[in-house]
Amino acid sequence: MFALVDVNSFYTSCETVFRPDLQGKPVVVVSNNDGCIISRSAEAKALGIKMGAPYFKIKAELQRQQVAVFSSNYALYADLSHRVMMTLAEIAPAVEVYSIDEAFLNVSGVSRCLSLETFGHQIRNRVLKHTGLTVGVGIAPTKTLAKVANYAAKRWRKTGGVVDLSDSERRRKLLPLVPVHEVWGVGRRISKKLEMLGIGNALQLAESPTWIIRKHFSVVLERTVRELRGEACLEPEEFAPTKQHILCSRSFGHRISTYEEMHQAVCAYAERAAEKLRKEKQFCCVISVFMRTSSHAANEVFYDPQASGRLAVPSNDTRDIIRVATNALDRIWKDGHRYMKAGVMLSDFYSLGVAQLNLFDEYQPRANSNELMQVIDKLNQSGRGTVWFAGQGIQQSWAMKREMLSPGYTTRYSDLPVVK
DNA sequence: TCTGGGGTCCTAGGACCC
DNA sequence: TCTGGGGTCCTAGGACCC
């Protein structure tokens with residue numbers, strides 16, 4: 001039995017926890033670079049503000065409606081997320097963190113002690129008390145059904161934020177009320193196709209013959225259908241699987257047209273990617289770099305090249321990653337464009353000890369690499385950027401825009417809230 | 001002027017092997 | 001008239017998730 005717990009309007013809720021004056025008011029959070037809307041409070045949703053709307057297009061309207069706007073403050077969200085997950089870990093037998101604001105709990109066996117619904121309310125109360133955040137809880141025998149239950153818990157007030165779908169009769173009543181595009185794993189394209197086949201709600205999807213699904217779609221949707229019927233296809237995951245790729249990419253605060261600036265950005269992203277790689281305790285062989293101009297600029301040529309390079313020996317040393325990344329950049333750089341974004345991707349990972357050394361390898365791993373990287377990571381641990389490689393520059397005129405950033409309430413001493 | 005940043009999995013098609 | 005049968009690996013692209 002699974003419980004899916006997720007925080008209501010996570011990013012905006014994080015902001016209002018520290019701004020009680022904004023509770024009950026329309027609040028939104030915009031993406032990196034103050035690009036588009038990525039989180040809305042219930043009041044903002046009620047005003048009809050759309051998810052993903054470009055901020056610059058609706059700025060005037062937001063002002064008129066007196067909507068509070070915040071730049072993304074990931075340091076804050078990550079910290080509150082961690083607190084939520086720790087709280088869940090105290091109550092539940094097993095917690096699988098699924099995203100920054102969601103976790104699947106394995107609640108098998110709980111019903112022997114107390115009703116699952118009661119358990120759901122205990123979770124809500126505890127998280128609210130510890131973090132000031134409100135969660136929804138959906139309980140069911142499969143992950144997909146737990147998602148459906150969670151949707152219902154949010155959608156209908158009278159549920160009190162907890163829905164238990166362990167009873168199959170209750171599922172038969174609820175599933176027809178759930179539009180097919182709200183089902184986990186059914187996105188825009190698939191829901192459109194399903195609707196053309198006359199499948200409009202979750203019950204109709206659950207009752208579709210498997211061969212029809214396989215004829216028109218892939219095994220992924222077949223699994224979804226089985227899960228909706230109550231047949232578990234997705235296991236609880238005890239350990240987070242190791243990543244296949246690590247990507248660091250950003251849009252720039254303004255368009256870049258000089259090689260120097262691009263070189264700095266690629267160095268900075270390579271450095272950050274290497275840091276993530278070390279955090280995963282992995283080593284990589286392949287480093288790719290991409291950059292692109294705006295796809296929205298109608299009268300400019302769209303240019304989005306990509307190049308990659310390979311290390312002979314797997315490494316997670318920032319110096320190796322930067323060397324290959326800048327080398328790849330040199331192969332794709334072209335003057336005369338206004339670039340809006342770039343990124344560095346790492347792939348082909350190896351764990352410590354399993355790397356295959358090249359028989360004729362003349363590059364031996366760098367001496368003391370491990371120790372040096374450890375020192376750097378430790379220095380940068382609290383508040384990024386204590387030490388860095390020269391390549392990424394000091395000024396960083398291209399750095400992303402975050403003009404409405406809230407304080408680091410829980411991650412920075414100087415920003416601690418003061419009670420007067 | 002101005003449109004995020006991460007990830008996953010699956011499939012099809014091509015190159016290549018015997 | 002007519003050209004096997006079975007694989008693997010890689011890549012690009014498409015779908016989805018948050």
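Throughout, a chain's letter reflects where its sequence line sits, starting with A, and its residues are numbered from 1.
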Checklist entry - At under 4.0 Å, does any side-chain N or O of A:Lys147 touch on OP1 or OP2 of C:dC18? => result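 Yes, such a contact exists.
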Next on the checklist: Determine whether the aromatic ring of A:His296 stacks with the base of B:dC2, defined as ring centroids separated by less than 5.5 Å and ring planes inclined by less than 30°.
Outcome noted: no
Checklist entry - Does the side chain of A:Ser251 get closer than 4.0 angstrom to OP1 or OP2 of B:dG5 through an N or O atom? => result yes
Checklist entry - Does the pair A:Ile332 and A:Gln306 meet the rule for a side chain to side chain contact (heavy atoms under 4.5 Å, CB included), with working shown? => result CA-CA 7 Å; A:Ile332 53 175; A:Gln306 179 264 332; 5.8 Å; no
Next on the checklist: Without decimals, in angstroms, what is the distance between A:Trp184 CH2 and C:dC18 P?
Outcome noted: 8 Å
Checklist entry - Per the end-axis method with five pairs at each terminus, what is the bend angle of the helix from B:dG5-C:dC18 to B:dC18-C:dG5, to 10°? => result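 Angle reported: 10°, given to the nearest ten degrees.
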Next on the checklist: Before we go on, tell me: are the rings of A:Phe290 and A:Tyr339 under 6.0 Å apart, centre to centre?
Outcome noted: no
Next on the checklist: For a quick check of understanding: with a heavy-atom distance under 4.0 Å over all strands, which category does A:Lys193 fall into, base, sugar-phosphate or nothing?
Outcome noted: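 Nothing, no heavy atom under 4.0 Å.
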Checklist entry - The side chain of A:Cys36 lies closest to which of these nucleotides: C:dC17, B:dG4, B:dG6? => result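 So the nucleotide nearest the side chain must be B:dG4.
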Next on the checklist: So A:Phe10, base contact, sugar-phosphate only, or nothing? Heavy-atom distance under 4.0 Å.
Outcome noted: nothing
Checklist entry - Are the charged groups of A:Arg226 and A:Glu222 less than 4.0 angstrom apart, N to O? => result yes
Item to check | Sequence-aligned protein contact record of nucleotides 8-13 of chain B, with B where the base is within under 4.0 Å of a protein heavy atom and S where only the sugar-phosphate is | outcome: SSSS--
Item to check | Heavy atoms of other groups near A:Arg172 CZ, more than 12 under 6.0 Å | outcome: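 No, not enclosed.
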Item to check | Parallel, tilted or perpendicular: rings of A:His337 and A:Tyr303 (30°, 60°) | outcome: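 If you compare the ring of A:Tyr303 with that of A:His337, the planes turn out parallel.
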Checklist entry - What interatomic distance, in whole Å, is found between P of C:dC18 and the corresponding atom of B:dT3? => result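 Those two atoms are separated by 25 Å.
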Next on the checklist: Classify the ring geometry of A:Phe252 against A:Tyr269: parallel below 30°, tilted from 30° to 60°, perpendicular beyond 60°.
Outcome noted: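 Plane angle under 30°, so parallel.
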Next on the checklist: Once you apply a heavy-atom cut-off of 4.0 Å, does A:Val97 come out as touching a base, just sugar-phosphate, or nothing?
Outcome noted: nothing
Checklist entry - How would you label the contact of A:Asp34 with the nucleic acid (heavy atoms, under 4.0 Å): base, sugar-phosphate, or nothing? => result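 Result for A:Asp34 = nothing.
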Checklist entry - Which part of the nucleic acid, if any, lies within contact of A:Lys57, taking any heavy atom under 4.0 Å across all strands shown: a base, the sugar-phosphate backbone alone, or nothing? => result base
Next on the checklist: Taking any heavy-atom pair under 4.0 Å as a contact, classify A:Asn33: base, sugar-phosphate, or nothing.
Outcome noted: nothing
Next on the checklist: Need one value for A:Arg338: base, sugar-phosphate or nothing, where a base atom within 4.0 Å counts as base even if backbone is also close, heavy atoms only.
Outcome noted: sugar-phosphate
Item to check | Under-4.0 Å side-chain N/O to phosphate OP1/OP2 contact, A:Ser249 with B:dG6 | outcome: yes
Next on the checklist: Would you call the rings of A:Tyr98 and A:Trp184 parallel, tilted or perpendicular, taking 30° and 60° as the class edges?
Outcome noted: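 Perpendicular.
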